[in-house]
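Heads up: the structure comes next, in structure tokens.
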Amino acid sequence: MNKFQLPSDSKLRRPEFLFGVATSSYQIEGGAQLGGRTPSIWDTFCNKPGAVDNADNGDVACDHFHLWQQDIEMIQGLGVDAYRLSMAWPRIVPHDGQVNEEGLKFYEQIIDECHARGLKVFVTLYHWDLPQYLEDKGGWLNRETAYKFEYYAQVVSEYFGDKIDSYATLNEPFCASYLGYRWGIHAPGIKGEREGFLSAHHLMLAHGLAMPHLRKNAPNSMHGCVFNATPAYPLNDSDIAAAEYSDAEGFHWFMDPVLKGEYPQAVLDRQSHNMPMILEGDLDIIRSDLDFIGINFYTRCVVRFDENGDIQEVPQPTNEHTFIGWEIYPQALTDLLLRLNERYDNLPPLYITENGAAGEDNCVNGEVNDQQRVMYFQTHLEALDAAIKAGVKVDGYFAWSLMDNFEWAYGYKQRFGIVHVDYQTQKRTLKQSALAYRNMLLERREENQ
Ligand code: FCB
């Protein structure tokens, strides 16, 4: 297939529907010691033996620090409407309370270049690269970090104002807290149930503290937050409650405080011994009117209650999986969006801020034949269309990722890009999926002219 197919009545054909590609700072930038940046928790984590596959790190990554100009030209060439990137906090506030003008300028040239090429800019303020100097004082376990984030959000929004088309405070607070502080598989590598929930609460507080500054300093931009959701399905009828609980801990725990001003009761009850200190007024800070919610979707999970009444994930080996081992199950995207629409009365417009697949991609004679990824995108665009037709308001879709990059604890082996990166030469090659995306977008553009 050389083009993703959108049926003639597809809602994704509307010119207002926005298509984009996404990246994040630590995963692509490199230049770790350049431009006044100081280490983040990921620089530290990568140095821990055994923490990251192949002992990979983000020192150079895709060298976007030097190649940003050609990368943005390439993004424009794909025919997308928008580019989602994140800013590295330790590039902008490299020491406590000290702003690095050079860091702001680095992002300013990127934003200007995008605008000059007709691309909207979606910025995420926190995509997991916490300054190490804050981790040294407890990181997200320390309530103070939420106030440090407030300061950082203030600095960025005062400088850029409405120049940034869309601000997201956090990317996937689930991963930042549970993977980083509960299960220890992401930076900073802390393991503890209480730590997982405490860091989660402080992340949500950080979101709430930042929002008024974003509103004030960038009144014409959109403001939101990005969540990941891996919706759960019961293995048997007797496991329905297990699936409900899995969703509660997995994403209601993060979305409910923002949209409803409360934490889900099921989690408060089941995890009562691990609950963080929630101060009076915290939930009023966290609850916020958002212009959009970003949803990152990759896969689903199937769960059951085990003999001890614990929730256990049950692999589905007979279904198709991507190279990273995630089941391909597009129907779950439709189901998820419908479930969210039902759960929240005041659900703001949604954007799919990430969706994509990892492949074992080789570049042969200048071509990368990533057929599984092509099918992945095709079927997920159909699943998204189905949700929109069923009444969910979704305004945009970003492919994860623009190009292969540092895939966190998996290092460089897992390639999520629609563009292939040769890490020896930094050569970029459009994969079949990038060509199919581009051809669909160019066709849509012609139709809408
Ligand atoms: C998401 C992250 C993103 C990338 C994809 C594969 O959880 O937000 O940075 O790693 O998964």
Side-chain angles (χ1 to χ4, degrees), residues 20-30 40-42 45-46 51-53 56-58 61-62 64 83-89 122-130 168-183 185-187 200 203 207 224-231 250-251 254-255 293-301 321-329 332-333 336 351-361 370 372-373 376-377 380 397-421 431 433:
V21 284
T23 64
S24 89
S25 47
Y26 191 70
Q27 294 180 278
I28 65 161
E29 276 177 13
S40 75
I41 52 174
W42 272 93
F45 190 66
C46 290
V52 175
D53 275 8
D56 288 341
N57 63 51
C62 307
H64 181 71
Y83 175 40
R84 172 175 180 246
L85 68 146
S86 79
M87 290 185 176
W89 184 349
F122 278 54
V123 165
T124 303
L125 293 174
Y126 186 64
H127 201 125
W128 311 349
D129 35 7
L130 183 73
T169 50
L170 309 174
N171 177 68
E172 303 188 354
F174 168 99
C175 293
S177 57
Y178 291 179
L179 301 190
Y181 291 85
R182 186 178 178 190
W183 301 318
I185 49 183
H186 274 190
L203 276 151
H207 158 80
C225 190
V226 173
F227 303 92
N228 58 309
T230 300
F251 50 95
F254 299 91
M255 296 179 73
I293 292 259
I295 296 293
N296 296 350
F297 175 86
Y298 290 92
T299 187
R300 67 154 181 177
C301 60
H321 289 67
T322 62
F323 186 52
I324 203 167
W326 299 351
E327 185 189 347
I328 303 181
Y329 198 84
L333 176 57
L336 167 70
Y351 282 80
I352 304 302
T353 31
E354 287 181 27
N355 177 234
E360 195 178 18
D361 304 320
D370 57 339
Q372 190 192 53
R373 184 177 291 105
Y376 183 96
F377 281 122
H380 284 78
Y397 175 93
F398 290 81
W400 182 272
S401 176
L402 164 66
M403 57 186 161
D404 296 335
N405 57 49
F406 175 75
E407 181 44 39
W408 308 112
Y410 294 99
Y412 293 100
K413 189 170 166 206
Q414 295 297 340
R415 294 175 175 271
F416 270 95
I418 58 172
V419 173
H420 181 272
V421 175
K431 301 179 190 178
S433 53

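Whatever order the structure lists them in is the order used to number ligands and atoms, beginning at 1. On a predicted model such as this, the values are computed, not experimentally measured, just so you know. Every heavy atom of this structure was used, including side-chain atoms; hydrogens, water molecules and symmetry mates were not.
- Figure legend: R300 and Y329 shown as a cation-pi pair, the cationic atom lying under 6.0 angstrom from the six-membered ring centre and within 45 degrees of its axis.
- Looking at S86 and S25, their side chains do bring a donor and an acceptor atom within 3.5 Å of each other.
- The aromatic rings of W89 and Y126 lie perpendicular to each other, with more than 60° between the two planes, well past the 30° mark.
- Side chains of N355 and Y298: a donor-acceptor N/O pair is absent below 3.5 angstrom, by distance only.
- Relative to the six-membered ring of Y178, R182 meets both conditions, a distance below 6.0 Å and an angle of at most 45° to the axis.
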Table of N or O contacts for ligand 1, cutoff 3.5 Å:
| unit_1 | atom_1 | unit_2 | atom_2 | d |
| --- | --- | --- | --- | --- |
| ligand 1 | 7 (O) | E172 | OE1 | 2.5 |
| ligand 1 | 7 (O) | E172 | OE2 | 3.0 |
| ligand 1 | 8 (O) | H127 | NE2 | 3.3 |
| ligand 1 | 8 (O) | N171 | ND2 | 3.0 |
| ligand 1 | 8 (O) | E172 | OE1 | 3.4 |
| ligand 1 | 8 (O) | E172 | OE2 | 3.3 |
| ligand 1 | 8 (O) | E354 | OE1 | 3.1 |
| ligand 1 | 8 (O) | E354 | OE2 | 3.0 |
| ligand 1 | 9 (O) | Q27 | OE1 | 2.7 |
| ligand 1 | 9 (O) | H127 | NE2 | 2.8 |
| ligand 1 | 9 (O) | W408 | NE1 | 3.0 |
| ligand 1 | 10 (O) | Q27 | NE2 | 3.4 |
| ligand 1 | 10 (O) | E407 | OE1 | 2.8 |
| ligand 1 | 10 (O) | E407 | OE2 | 3.0 |
| ligand 1 | 10 (O) | W408 | NE1 | 2.9 |

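- Judged purely by distance below 3.5 Å, without hydrogens or angles, the side chains of N171 and T124 never pair a donor atom with an acceptor atom.
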